[in-house]
Amino acid sequence: MPMLKLENVVASYVPGVEILRSVTLRVEKGEIVCLVGPNGAGKSTVLRTISGFLRPSSGNIIFNEKAIGGMAPEQILKTGISHVPQGHSVFPKMTIHENLLMGAYTVKDKQVIEQRLEKVLVLFPWLKERAKEKAGNLSGGQQKVLEIGRALMLEPPLLILDEPSLGLAPKTMASLFETIRQLNSTGLTILMVEQNAREGLASAHRGYVLELGRDKFEGTAKELLESPEMAKLYLGGSTDGESYRSRRGRLRTLI
Ligand SMILES: Nc1ncnc2c1ncn2[C@@H]1O[C@H](COP(=O)(O)OP(=O)(O)OP(=O)(O)O)[C@@H](O)[C@H]1O
Ligand SMILES: [Mg+2]
């Protein structure tokens with residue numbers, strides 16, 4: 001039984017306008033699964049539906065053998081899914097330390113909070129060195145690591161990341177993906193959405209392509225990266241060329 005399973009999930013923000021038309025996917029324990037696809041395909045909506053911000057109108061969402069579809073976000077958080085949303089979500093005027101503590105706001109036991117904080121600081125020692133600095137002073141990549149650290153304060157079995165590399169320079173992006181792989185090697189299961197499809201898949205075990213609210217392709221990351229159809233449609237034209245996003249950016253620049 002996979003850790004997370006979505007079966008024919010349908011969801012809408014506005015009644016009658018289906019954004020997710022039928023999404024079926026699974027995440028096995030210990031995997032990094034990467035969800036890719038064009039703008040507006042519904043990638044963030046899939047993650048929001050998993051974490052309870054949107055109620056599926058039909059289909060099943062099963063997490064650790066429990067049906068969680070339609071449960072409230074706080075309940076889903078408690079079952080062990082932590083969601084780092086798209087864009088920036090640090091509290092810029094609070095310190096790094098305070099931001100990390102916010103991740104454990106549902107935990108009442110001070111000793112547990114201290115232990116978890118210590119674990120996160122062992123993973124990311126620079127957060128300890130800069131604990132008293134305002135989070136808003138950090139670079140984009142550092143803020144993303146802080147957001148991940150904050151999500152880890154709940155010790156979730158499953159971490160979901162929405163476009164973690166968005167807006168990062170290539171070198172920072174590479175180091176963030178390295179961080180994600182390291183976290184995974186400690187046993188954390190990860191579902192991430194990436195529009196930097198090539199880079200995201202290169203760090204994942206398996207992937208899915210979402211288009212118009214449906215899963216269109218699925219495969220191991222290697223299969224997807226080597227597929228000529230994927231290359232043509234989502235990887236910028238060749239199996240070793242530039243990424244979908246950089247191509248989009250270039251087109252926009254040309255226009
Ligand atoms: N809060 C909302 N209310 C109504 N419609 C929404 C809302 N959020 C997203 N949508 C619509 O749902 C569709 C899918 O959006 P979603 O954000 O899931 O796409 P995405 O694949 O994550 O795109 P991107 O790559 O731009 O992040 C889009 O047509 C979008 O306009
Ligand atoms: Mg999105």
Side-chain angles (χ1 to χ4, degrees), residues 4 6-25 27 32-59 61 68-70 72-73 76 81-90 140-141 143-144 147-148 151 158-168 170 173 176-177 180 190-204 206-218 221 224 230 232-237 242-253 255:
L4 177 74
L6 273 68
E7 290 171 330
N8 306 314
V9 169
V10 178
S12 317
Y13 292 99
V14 178
V17 186
E18 283 174 1
I19 300 294
L20 303 187
R21 297 175 183 191
S22 178
V23 177
T24 295
L25 60 82
V27 181
I32 300 181
V33 171
C34 183
L35 187 58
V36 302
N39 281 116
K43 304 181 297 298
S44 296
T45 305
V46 170
L47 300 191
R48 284 186 211 124
T49 309
I50 294 168
S51 49
F53 296 105
L54 198 63
R55 232 187 139 80
S57 47
S58 65
I61 305 180
I68 59 162
I76 293 177
I81 302 178
S82 238
H83 182 168
V84 178
Q86 188 169 337
H88 288 301
S89 66
V90 299
Q143 288 192 22
K144 197 43 82 181
E147 288 170 32
I148 292 173
L158 176 65
L159 181 67
I160 59 182
L161 302 172
D162 196 348
E163 303 240 18
S165 78
L166 188 69
L168 301 184
M173 192 196 302
L176 184 77
F177 283 128
I180 291 170
I190 297 172
L191 170 63
M192 68 177 171
V193 160
E194 259 304 329
Q195 219 170 77
N196 288 306
R198 184 184 309 284
E199 294 80 356
L201 287 169
S203 287
R206 287 190 310 110
Y208 290 85
V209 179
L210 195 75
E211 199 169 292
L212 295 172
R214 290 175 197 278
D215 45 293
K216 192 170 170 190
F217 298 114
E218 95 166 89
L224 293 176
M230 274 293 292
K232 195 168 109 207
L233 294 171
Y234 306 104
L235 301 173
E242 57 194 340
S243 74
Y244 177 77
R245 184 181 284 281
S246 60
R247 180 161 175 249
R248 252 186 358 132
R250 193 166 54 85
L251 286 176
R252 202 179 285 144
T253 318
I255 293 161

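Each ligand, and each atom within it, is numbered from 1 in the order the structure gives. For clarity, every value in this text was computed on a predicted model and none was experimentally measured.
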Would you say the side chain of [Y] lies within less than 4.5 Å of the side chain of [X], judging by non-hydrogen atoms?
X: Glu163; Y: Gln195; result: yes
X: Asp215; Y: Leu25; result: no
X: Lys43; Y: Glu194; result: no
X: Leu191; Y: Ile50; result: yes

The test is side-chain contact (heavy atoms from CB on, under 4.5 Å); show your working for Asn196 and Leu166 and say whether it passes.
CA-CA 8 Å; Asn196 288 306; Leu166 188 69; over 6 Å; no
Is [X] close enough to touch ligand 1? Criterion: a residue heavy atom under 4.0 Å from a ligand atom.
X: Gly37; answer: no
X: Val14; answer: no
X: Pro38; answer: yes

Please report the shortest heavy-atom distance between Ala11 and Leu54, naming the atom on each side.
CB-CD2, 4.0 Å
Taken to the nearest 0.5 Å, the spacing of Lys216 NZ from Glu211 CD works out to 4.0 Å
With atoms numbered from 1 as shown, which atoms in ligand 1 lie under 4.0 angstrom from a non-hydrogen atom of [X]?
X: Gln86; result: 27 (O)
X: Thr45; result: 14 (C), 15 (O), 16 (P), 18 (O)
X: Glu163; result: 25 (O), 27 (O)
X: Ser44; result: 17 (O), 18 (O), 20 (P), 22 (O), 27 (O)

Confirm or rule out an N/O/S atom of Gln195, from backbone or side chain, lying less than 2.8 Å from the Mg ion (ligand 2).
no
Would you check if the Mg ion (ligand 2) lies under 2.8 Å from any N, O or S atom of Thr45?
no
Option of least heavy-atom distance to atom 21 (O) of ligand 1 (set: Gln195, Lys43, Arg48, Glu18)
Lys43
Verdict with supporting geometry, Ile81 and Ile68, side-chain contact (heavy atoms from CB on, under 4.5 Å):
CA-CA 11 Å; Ile81 302 178; Ile68 59 162; 3.7 Å; yes
Please calculate the OG(Ser44)-the Mg ion (ligand 2)-OE1(Gln86) angle and round it to 10 degrees.
80°
Is Ala41 in polar range of ligand 1, meaning some N or O pair under 3.5 Å apart?
yes
